[in-house]
Amino acid sequence: MMKKTLVIVVHPHLENGSVISKAWCDALEKCENVTLHKICQVYPDGKIDVEKEQALVEAHERVIFQFPLWWYGGPAMMKTWLDVVLTEGWAFGPGGDKMERIEIGAAVSCGGSEKDFFEGGPQRHTLAHYLDVFDGIAGFTRAKYIGFHAVYDTYNPETVANLDKNIKSYIEFLEK
């Protein structure tokens, strides 16, 4: 049985510009124990309700950040969320123990081909290298990093045509 999972979807153009994240969301809406939280749509003005967000995290066992890889990181709203929600006294520091039982991971869509993500290659590093920030966040907040799920080469029509296989793999990632 899948752990109670909060998927924080960070895509400013989810409904009218996303193929991958939208398809992932459509599939995850059918999954038991998954809460989809589309923060760019919930907070179009960028003003995050910190208490609401912290309560959402506390109500789940696992948090997955789902986003397109933009300039080797996530959209700006993800950084804003991390900055304002993972506060001292809540997520770290004295009394900051709320993340200790939480597992965190990522689900990322990449325009580049998987074969281009290697040390010294066209993308300069592996995708794992770029996503190491989540391992660091987990360590700092005493959470557990569980890795990531990815789809590569998203501008390739063949990738989109075969997205069902990737969706199945994403759900398996969430179930493990």
Side-chain angles (χ1 to χ4, degrees), residues 1-12 14 18 20-25 27-29 31-43 46 48-110 117 125-152 166-176:
M1 183 168 182
M2 188 183 301
K3 290 184 177 190
K4 194 167 181 188
T5 303
L6 175 63
V7 178
I8 298 175
V9 181
V10 191
H11 198 306
L14 186 63
S18 167
I20 305 302
S21 284
K22 185 163 180 358
W24 281 352
C25 286
L28 293 179
E29 284 177 349
C31 292
E32 242 182 273
N33 288 328
V34 171
T35 303
L36 284 177
H37 186 45
K38 303 169 185 176
I39 63 171
C40 294
Q41 288 68 34
V42 173
Y43 302 113
I48 295 172
D49 182 335
V50 174
E51 289 181 9
K52 176 184 172 185
E53 296 303 302
Q54 290 174 340
L56 264 173
V57 170
E58 289 179 40
H60 293 81
E61 300 166 280
R62 179 178 282 169
V63 176
I64 302 296
F65 294 91
Q66 177 182 307
F67 59 95
L69 189 70
W70 287 358
W71 291 110
Y72 306 101
M77 187 63 155
M78 186 170 68
K79 178 70 166 82
T80 299
W81 189 97
L82 292 166
D83 286 347
V84 302
V85 175
L86 301 183
T87 58
E88 184 172 4
W90 184 82
F92 64 93
D97 60 357
K98 300 299 189 276
M99 295 293 292
E100 283 184 0
R101 61 172 189 77
I102 304 293
E103 296 177 347
I104 66 170
V108 184
S109 57
C110 305
F117 281 89
H125 300 285
T126 65
L127 182 57
H129 172 88
Y130 293 117
L131 298 178
D132 269 350
V133 65
F134 293 102
D135 190 26
I137 291 166
F140 192 70
T141 62
R142 297 177 310 281
K144 178 183 179 193
Y145 179 57
I146 60 168
F148 65 91
H149 170 78
V151 63
Y152 298 88
N166 182 273
I167 289 170
K168 183 178 182 218
S169 176
Y170 184 10
I171 292 169
E172 289 171 358
F173 168 73
L174 295 179
E175 290 174 338
K176 72 174 184 176

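FYI, side chains are in, hydrogens and waters are out, and symmetry mates aren't considered; it's all heavy atoms of this structure. This one's a predicted model, so the numbers in the text were calculated from it and none came from an experiment.
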Solution key, residues 62-76 side-chain donor-acceptor pairs under 3.5 Å, sequence neighbours excluded:
| residue | atom | partner | partner atom | Å |
| --- | --- | --- | --- | --- |
| R62 | NE | E103 | OE1 | 2.9 |
| R62 | NH1 | L174 | O | 2.4 |
| R62 | NH1 | K176 | O | 3.3 |
| R62 | NH2 | E103 | OE1 | 2.5 |
| R62 | NH2 | K176 | O | 2.8 |
| Q66 | OE1 | Y170 | OH | 2.8 |
| Q66 | NE2 | S21 | O | 3.4 |
| Y72 | OH | Q123 | OE1 | 2.6 |

In this structure, NE2 of H60 is separated from NZ of K3 (nearest 0.5 Å) by 13.5 Å
Output all residues satisfying salt bridge (Lys or Arg N to Asp or Glu O under 4.0 Å) with E29, sequence neighbours left out; order by chain, then residue number.
-> K38
With rounding to the nearest 0.5 Å, note down the distance linking OG in S109 to NE2 in H11.
-> 6.0 Å
Report the residues that fulfil side chain to side chain contact (heavy atoms under 4.5 Å, CB included) with N33, sequence neighbours left out, ordered by chain and then residue number.
-> M1
Shortest non-hydrogen separation from M99 to A91 and the atoms involved | CG-CB, 3.8 Å
For residues 137-144, which side-chain donor-acceptor pairs fall under 3.5 Å, sequence neighbours excluded?
| residue | atom | partner | partner atom | Å |
| --- | --- | --- | --- | --- |
| T141 | OG1 | I137 | O | 2.9 |
| R142 | NE | E100 | OE2 | 2.7 |
| R142 | NH2 | G96 | O | 2.4 |
| R142 | NH2 | E100 | OE2 | 3.2 |

Return the minimal non-hydrogen interatomic distance between M77 and G46, and the atom names on each side.
-> CE-CA, 3.8 Å
What are the two closest non-hydrogen atoms of V10 and C40, and how far apart are they?
-> CG1-SG, 4.0 Å
Taking salt bridge (Lys or Arg N to Asp or Glu O under 4.0 Å) as the test, write out the residues that go with K4, two or more places apart.
-> none
Excluding sequence neighbours, so at least two apart, what forms side chain to side chain contact (heavy atoms under 4.5 Å, CB included) with S169?
-> H149
With sequence neighbours left out, write down each residue that passes ring-ring contact (aromatic ring centres under 6.0 Å, His included) with H129, or none if nothing qualifies.
-> H125
By side-chain hydrogen bond (donor to acceptor under 3.5 Å, both in side chains) - contacts of T126 (at least two apart) | none
What's the spacing between T5 OG1 and I102 CD1 if we round to 0.5 Å?
-> 10.0 Å
Residues passing the salt bridge (Lys or Arg N to Asp or Glu O under 4.0 Å) test with E172, sequence neighbours excluded, are K168
Between L28 and I171, is any pair of side-chain heavy atoms under 4.5 Å apart?
-> yes
May I have all residue pairs that pass salt bridge (charged side-chain N to carboxylate O under 4.0 Å, His left out) and include part of residues 76-93, sequence neighbours excluded?
-> K79-D83
Taking the side chain as C-beta and beyond, is there a heavy-atom pair between V85 and Q54 under 4.5 Å?
-> yes
Can you name the residues that form a ring-ring contact (aromatic ring centres under 6.0 Å, His included) with F117, not counting sequence neighbours?
-> Y152
If every non-hydrogen atom of L131 is compared with every non-hydrogen atom of F148, which pair is closest and at what distance?
-> CD1-CG, 3.4 Å
Minimum heavy-atom distance between A106 and F173, given as atom pair plus value | O-CE2, 3.8 Å
Side-chain heavy-atom pair H37, L56 within 4.5 angstrom cut-off = yes
Heavy-atom check, side chain of W24 versus side chain of V7, under 4.5 Å | no
CG of L36 to CD1 of I8, rounded to nearest 0.5 Å, is 11.0 Å
Compare every heavy atom of I39 with every heavy atom of E53, then report the nearest pair and how far apart it is.
-> OE1-CG2, 4.2 Å
By side-chain hydrogen bond (donor to acceptor under 3.5 Å, both in side chains), E58 pairs with (sequence neighbours left out) W90
